[in-house]
Amino acid sequence: MVRSNNYALQHKILQAPHHYVTVIKSKYEDNSTPERIEHMPTPTTKDLTLLTPSDLAADFDTDLTTGLTTNAAAKRRQEDGPNQLTAAKKPSLWRQIGHHLSDITSLILLFAVALSAYLALTTDSDWTKTIVIGSIVILNVAIALYQEHSAEKALAALKAMTVQTVTVVREGKTQTIAAADLVRGDLMLLKAGDAVAADARLIHSQDLETDEAVLTGESSAVAKSAAPLTEVPDDLGDAVNRLFSGTAITSGKASAIVTATGMQTELGKIASLLNQTQKQATPLAKRLNALGKRLSLVAILGGALTMLLSMLYHQETLTESLMLGVSLAIAAVPETLPVIVTLSLAHGVQKMAKRHAIIRQVTAVETIGNVNVIASDKTGTLTQNQMTVTHFWPFREALQKVTDQPLSTNQQQFLTYLGLATNARLTKQGEPDIGDATELAIVRLLAHYGLNRDDLETRYPRIAESPFSSDKKTMATLHKTPDGHFLAIIKGAADRIAFSNDHWHEEATAIHDQMTAQALRVLAAGYQQFENDPGADWETQLTAVQPSGLIGLIDPPRPEVPAAIQAAKDAGIITVMITGDHLVTATAIAKDIGILDHGQRAITGHDLSQMSDEALAADILQIRVFARTTPTDKIRIVKAWQQQQAVVAMTGDGVNDAPALKAADAGIAMGITGTDVAKNAADMVLTDDNFATIIDAVAQGRTVYQNILKAVEFLISVNFAQIFTMLIAVLVGWGAIMTPEQLLIVNVLADGIPGFFLSRELAEPGIMRLKPIPKKASIFTSGLGKRVAVRTTTYVGLILGVYALGRFGLSANQPIVGMTMLFLTLAIGSMLDIFPIKTRGRLNRAAFTVNPILTGSLLGTITLILLLATVAPLQQVFRLAPLNLGQWLIVLAVIWLPMLVVEGYKRRQHRDELAAWQQSELIGGAE
């Protein structure tokens, strides 16, 4: 089925007065796309934009002069409900907590908490295990709840945009009512400065312009007209006789009939998308969950086997067998890993904030590091969000590019006339400039060439003005010249000025085509001189206008963007432009900055609406530019890329971007131009609205992910070693060779505290020349699984050997001696081999000096471990024995073995990887 997401098809379903149909919405928690329309009225034969005011009034059973009656308005409010946005029902706090405790890792930790608490109550065991593990569970749940609470702010910000009061005509009387009481068919009165409280169709307008950036993302004011259209518009931006809730009137005045309220408005449909959109689990979360399941499976099978063997063959009591179960649970779960991940992400947040990227969702740090598609808005992100004159053409000269070259007399006269017919004004530094975006571009052009509008008007004082209107598309001014004559200047659309010069049309058309080919917006200017004051009807006397020239304007790319897009390409990241602007402009900008290459496509939202989800997903790899898009289009684009297993970052600043920001793997909002709705739906906010900042954030995100992988390698190897040594010890009849307290010391203290500071490791060289990690890749890819296996095997053999030597070789079968030697070897040895883990390069002096806080934590923790093994009261608490000199020398010798093994294997692994890479380069070169 082809989805009908475009404006023209959607709005064949009209706002009939009473009869409604219900359209079923998909929740699209999978890869499907939501329907945009919910509870829309029964279709009629014509679109709203095509109706005359009288037909519109008849359809909505209202009057063009007196509006609705009070009774009719009350009845419709009862039928439709209040004119406000509604949120999806939020699950209870207990259900949210239950959801976060339902994963297998949390269940194992809860089992360990319950079992250790039972043993503390029924035996002489203490509460240490219960308190430590329970605190970790509580911390993880609290972080998750906080993140969910932050995400809920998006709809609250959207609701805050709705208008509080509105002026309507009811029963022939003008009155101000609460916006929530507005209903279909109300006759709404609007003027400059008003916010639009509901969707409406214009029935009268005068020089009306609106700011629709919240819906379209484009900041230029939109000229509106009440006249019926001749054909159904393709998108919202072309529906020039309609007004939309949440937009603002920037100039003129109007009256309009309300056609939709509340959740039926375009703003309401965005709210519906926000309600439906489910945030994707991050790749890191999925990988850690998969890791937890593996550890849990080993723990469950190992625990059951250990308890069974200990009860059947070693005649252990139930309590002792349960104690073994607790020990295995503690050994299986890396208790500090969630905290280390959180600290790594938090450190990434701090680093990104210094680079103008504010992270709202902590987990987004890692996600941004692994994005392979950036879907970027154009205006303000890739471009400067400032209309600029880049070319100008004085009549009968060559087309000029704006440079630092001095102006000729003819060029200076052309710019003088442009400046005189302009109302914009530059203000002091730090203050916002005053005026329309196009006119501000003109006065900035004057300033570039050392001209000042105030000085020009001193020489040519303005006598009269005919302001710009959407109907005539021109403005004109009348001035007195220094010699006492009069000068009329007119500027605007080239085809709306009646130039009298015979050569103008041919020459101007060629120049006009050159500029439009570069996606420039073209304005013309001309003048007419009068010997005497032409009087009040001076504008009607403009019948002999002489051409002055043309200017070409565009919102130019940011200068740093092309290099940033190339850096993204080098890092294996595709950049896609999604914009509400016209296709020609978007295509030109995309080619200029390197997004659109030969053989790649640019399409419009209308083209997109003709494609099924399946066709879009199949073609998405070839499309780089999407123009004139709607909020639903943006979600479809994100979903299509996600179907290709891409990790998608979406940028945006308007209300219309919010659903797609939420649906993307990483939503990125603009901090300067962005609405609160967009910011609250996003994971990251750019304080400088700069695309290049995203690339910096990717580099930092990759660094964070690398450091998390180092922490996984550091912790998991020891956990696996603990599990296997416990199992083997029970199988050979040794019983529990480590107590739960000792396991907690190793997991939380010896490995946990140094692991915390892995988050501060610097980026590995060449990190931005690596390709992004595939979305479905295991956490054990890139050689991590092999390194964990080597490290685990080393520890299993080493600590079992040390235990056996201490118990049977260096003492008279004293388990506590073997346990003490094992504890010291595992605790200190696992800390020392953090050095070959913390760098992928060769182990050298820098590995010990970079990140000094990590080295300091190691020294402090080793000191504490030595105190536990040498201070008598602490020895008794942790069931450790004093060692003699020979036993200490053996421990001090073997604690270095893991570091040497890890470093040796790492060098061999890198040598093999380098050889494979060089071979692939030779093959690629041969091909």
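Quick note: numbers below take in every heavy atom, side chains included, and nothing from hydrogens, waters or symmetry partners.
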Any side-chain donor near an acceptor of the partner, T438 and R521, under 3.5 Å: yes
Pairwise distance CD1(I565) to CD1(I374) - rounded to 0.5 angstrom: 9.0 Å
Side-chain donor-acceptor contact under 3.5 Å, N851 with E761: yes
Minimum heavy-atom distance between Q644 and A617, given as atom pair plus value: NE2-O, 2.6 Å
T629 vs T579 side-chain heavy atoms within contact, under 4.5 Å: no
Taking every non-hydrogen atom, the tightest pair across L661 and A669: CD1-CB, 4.4 Å
Check ion pair D619-R601 (N to O, under 4.0 angstrom): yes
Interatomic distance, Q518 atom CD to K591 atom NZ [nearest 0.5 angstrom]: 12.0 Å
4.5 Å side-chain heavy-atom contact, V685 and M670: no
Validation row: I573, V373 side chains within 4.5 angstrom (heavy atoms): no
Test item: Y449 side-chain N/O and T403 main-chain N/O as donor-acceptor pair under 3.5 Å: yes
Q600 and I623, any side-chain heavy atoms less than 4.5 Å apart: no
For F691, the option from S376, P557, P562 that meets side-chain contact (heavy atoms from CB on, under 4.5 Å): S376
Donor-acceptor under 3.5 Å (D555 side chain, N385 main chain): yes
Steps toward side chain to side chain contact (heavy atoms under 4.5 Å, CB included) verdict (L608, I637): CA-CA 9 Å; L608 188 62; I637 295 164; 4.1 Å; yes
I668 to A649 - nearest heavy-atom pair and separation: CD1-CB, 4.0 Å
Main-chain N/O of D581 paired to T585 side chain as donor or acceptor, under 3.5 Å: no
N/O donor-acceptor pair under 3.5 Å between K906 side chain and T839 backbone: yes
Least distance between heavy atoms, M387 atom then A437 atom: CB-O, 3.8 Å
K569 side chain vs A564 backbone, donor-acceptor pair below 3.5 Å: no
Contacts of type salt bridge (Lys or Arg N to Asp or Glu O under 4.0 Å), residue R558, not counting sequence neighbours: E560
T630 vs D633, side chain to side chain donor-acceptor pair (under 3.5 Å): CA-CA, chis, key distance, verdict: CA-CA 5 Å; T630 67; D633 292 337; 3.0 Å; yes
From Q622 atom CD to I620 atom CD1, the distance as rounded to the nearest 0.5 Å: 10.0 Å
Side-chain donor or acceptor of T516 paired with backbone N/O of D513 under 3.5 Å: yes
Spacing of CG belonging to D592 relative to CG belonging to L382, to within rounding of 0.5 Å: 11.0 Å
Stepwise side chain to side chain contact (heavy atoms under 4.5 Å, CB included) check, I368 with I359: CA-CA 10 Å; I368 289 165; I359 300 296; 4.1 Å; yes
Criterion salt bridge (charged side-chain N to carboxylate O under 4.0 Å, His left out) on D613 and R636, from CA distance to verdict: CA-CA 7 Å; D613 287 345; R636 291 188 68 204; 2.9 Å; yes
NZ/NE/NH1/NH2 to OD/OE distance under 4.0 Å, R628 and D238: yes
Pairs satisfying salt bridge (charged side-chain N to carboxylate O under 4.0 Å, His left out), at least one member in residues 688-711, at least two apart: K710-E764
Atom pair CD1 (I694) and CE (M352), whose distance is rounded to the nearest 0.5 Å: 11.5 Å
Between CD1 on residue I779 and CG on residue L784, distance to nearest 0.5 Å: 7.0 Å
Flag, side chain of T587 to backbone of V584, donor-acceptor distance under 3.5 Å: no
Minimum heavy-atom distance T575-I595, with the two atoms named: O-CG2, 3.4 Å
Short side-chain to backbone donor-acceptor contact, E212 and V222, under 3.5 Å: no
S778 side-chain N/O to F780 backbone N/O, donor-acceptor pair under 3.5 Å: yes
Donor on one side chain, acceptor on other, D607 and T604, under 3.5 Å: yes
W641: ring-ring contact (aromatic ring centres under 6.0 Å, His included) partners, not counting sequence neighbours: none
Side-chain heavy-atom pair H356, L686 within 4.5 angstrom cut-off: no
Heavy-atom neighbours of K354 NZ exceed 12 at 6.0 Å: no
Expected output: side-chain Q642 to main-chain A663 donor-acceptor under 3.5 Å: yes
Closest contact, heavy atoms only, A441 versus V389: O-CG2, 3.8 Å
N-O pairing of D665 and K775 below 4.0 Å: yes
Side chain to side chain, M650 and I578, heavy atoms closer than 4.5 Å: yes
Any H347 side-chain heavy atom under 4.5 Å of V704 side chain: no
Heavy-atom check, side chain of L523 versus side chain of L553, under 4.5 Å: yes
Candidate pair R444 and Q386, rule side chain to side chain contact (heavy atoms under 4.5 Å, CB included), full reasoning: CA-CA 10 Å; R444 291 191 189 102; Q386 179 175 286; 3.3 Å; yes
Derivation and outcome, side chain to side chain contact (heavy atoms under 4.5 Å, CB included), residues V648 and V371: CA-CA 6 Å; V648 183; V371 298; over 6 Å; no
Test: D657 and K634 ion pair at under 4.0 Å: yes
